[in-house]
Amino acid sequence: MKQFWSKKVAVITIAAVVALSSLSFAGYNGLTEAKTKKKEPTNVIMMVMDGTSTGATSLARWYKGENLAMDEIVTGAVRTHSAESAITDSAPAATALATGHKSNDKVIGLLPEVVNTPGVEAVDPQDAYKPVANVLEGAKLQGKATGIISTSEIQHATPAGFSSHAVHRSNYQDIAEQQVYQEIDVVLGGGKESLLPGESRNSRVDEENLVQVLDDKGYDFVENREDLLNSNSDKIWGAFASSSLAYDFDRQATNNLEPSLAEMTKKSIDTLSKNEKGFFLFVEGSKVDWAAHTNDTIGIISDVLAFDDAVHEALEFAKKDGNTMVIVVSDHGNSGITMGNLNTNSNYSEIPVSDYIDPLKKATMTLEGALNQLNDDRSNMKEVAELYGLDNLSNGEINALKSSDSLAADMVNMLAERANIGFTTGGHTGEDVFLYAYGPSKPVGLVDNTELAEVMAKFLGFNLDKTTDKLFVNARESFERKGYKTRIDVTDENNPVFIAEKKKIRIELPVNKNIANVTRNNKTFTKTLDGVTVYNSKDFYVSKEALNLSK
């Protein structure tokens, strides 16, 4: 194994990082820090490895046998609690990272209704579930190019938090529509089924063909790695799977035609950096979290390493550019994964690294990938178990797996037992997570997740509160103040429309879109707005630009 405890990377605890937070991190870990070469453009690449505990990155480093790209830019730690819990869901975590506001369980891009966590500021009850602007929306208003990448459905909680506003993270209908009408320049990931009518679980119930909308908007709609890498368009929408993308180990083992996260990141940077005003890019490695939920050690390692390759691509660009901030963080911990379990209580000091890593190296696929190869009658159970690193099974063990009612759990437990890996839960955890950052004005020390949104916004040149004031005013209150009569038309329950009428003026604002249909003196026209219209099941919120149409 390659020696990787070099002078370039200091292995430190979160406590040590916090103690050092008052120091300058220029040249930290031997990395030459970026210096601002020019005032414009400024860029931010925000990267989230979903549900990744520090134990997961430590294990991935040992598995790789050398430093991670992330290791050279560690600058501190992040508190992850939500408005109502010490342990956060991904939706309020993404909301905090993207908007600078804590929120409630399952809520995307809206203020919370319940606040009971010590230190979190209370919200006026009348502002509960009011939308708040995210950094992507702020960057767009600055004329910057924008992009989002995810290895899950692009409508999943974390990318949704950086691109939409919804009362519940499962509302892929609203999230997908908002993402399409946000006019984001590059969108890459899974979730094609949420763009089209059909019979799938997340198919569109409003019957709108969003793929056609994307085509009308001039996007190059791509569905495989080759077409993505060959695209010369400045507007790309990549939908590489109906739902989520494959784990990276499985993608490699099966010659899957999906692009890697690193390839999607590089292509996005190459495309967005053409904009003379700069760009904001959000990148998520989604499925570390999914693997942690099932205690799948191989899935965790697979996608931590794939994410780290994407970090390498981001840093390569940032080092050359000199005016790009890169932030890398987990939104929360998951599973409590440890090197060491009850087997190692009394002899942990005698156990070599190889005892943990060698059993894991036998696996060529994740739990999901291996089980996808299993015959319905489980006749190839032995071969599938070997794909997951479970070799030399006795006939009794194979037969037990064949008859198991909890096959996935049994397989992950068997591998964890062989590798002395421990798990405390199949859910999220509440510990602080490492903060990794690079570039001018990068954050350092122990920070709250909400502070990262403010840091990014300031570096990009806007104020999030002022952006919220511009993009989200209460439609009913604002139009009625101008003498309009208002109502919400729910004739089509899947496509509610806010309507304001006064004399010979009628303004229609369809939900989730960035358009207004205006009739004035019997002449109708459509106006494209600078933000999407949001409905929280109680009130419509619209941009000031829409309100100005009432003049």
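Since we're looking at a predicted model, the values are computed, not measured.
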Can you tell whether the side chains of [X] and [Y] come within less than 4.0 Å, N to carboxylate O?
X: Lys266; Y: Asp270; answer: yes
X: Lys102; Y: Asp448; answer: yes
X: Lys217; Y: Glu183; answer: yes
X: Arg251; Y: Asp248; answer: yes

Quick check: are there more than 12 heavy atoms from other residues, nucleotides or ligands sitting under 6.0 Å from [atom1] of [X]?
X: Glu226; atom1: CD; result: no
X: Asn230; atom1: CG; result: yes
X: Lys458; atom1: NZ; result: no

Discussion item. So which atom in Thr99 and which in Ala453 form the shortest heavy-atom distance, rounded to 0.1 Å?
Written reply: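 Smallest heavy-atom distance, with atoms named: C-CB, 3.8 Å.
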Notebook entry, point to check: What class does the angle between the rings of Phe282 and Phe162 fall in, given that below 30° is parallel, 30 to 60° is tilted and above 60° is perpendicular?
Noted result: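 Correct class here is parallel.
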| request: Any pair with a residue in residues 89-109 that passes ring pair (Phe, Tyr, Trp, His ring centres under 6.0 Å), sequence neighbours left out, goes on the list, sorted by first then second residue, please. | output: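 Residue pairs passing ring pair (Phe, Tyr, Trp, His ring centres under 6.0 Å), neighbours aside: none found.
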Quick note, ring pair (Phe, Tyr, Trp, His ring centres under 6.0 Å) partners involving residues 300-328, not counting sequence neighbours, are Phe279-Phe317
side-chain hydrogen bond (donor to acceptor under 3.5 Å, both in side chains) with Asn334: of Asp50, Asp289, Thr425, only one passes, and it is Asp289
The side chain to side chain contact (heavy atoms under 4.5 Å, CB included) partner of Thr297 among Ile301, Ile300, Thr294, Asn295 is Ile301
**Asked** Do Lys287 and Tyr247 meet the cation-pi criteria used here (NZ or CZ under 6.0 Å from the six-membered ring centre, within 45° of the axis)?
**Response**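 Checked: cation-pi criterion met.
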On the six-membered ring of Phe240, is Lys192 placed so that its NZ or CZ lies under 6.0 angstrom from the centre and within 45° of the ring axis?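 Checked: cation-pi criterion not met.
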Compute the ring centroids of His81 and His332, then answer whether they are less than 6.0 Å apart. no
key: Minimum side-chain heavy-atom gap Ile149-Leu281 below 4.5 Å   =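 In short, these two side chains touch, coming nearer than 4.5 Å.
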* Go through the side-chain N and O atoms of Tyr388 and Asp296 and say whether any donor and acceptor fall under 3.5 Å apart. =>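 Judged by distance alone, the side chains do pair up.
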Note to self: Between Glu284 and Ser150, do the side chains contain a donor N or O and an acceptor N or O under 3.5 Å apart?
What the structure shows: yes
query: Is the backbone of Val304 close enough, under 3.5 Å, to the side chain of Asp308 for a donor and an acceptor to pair up by distance?
result: no
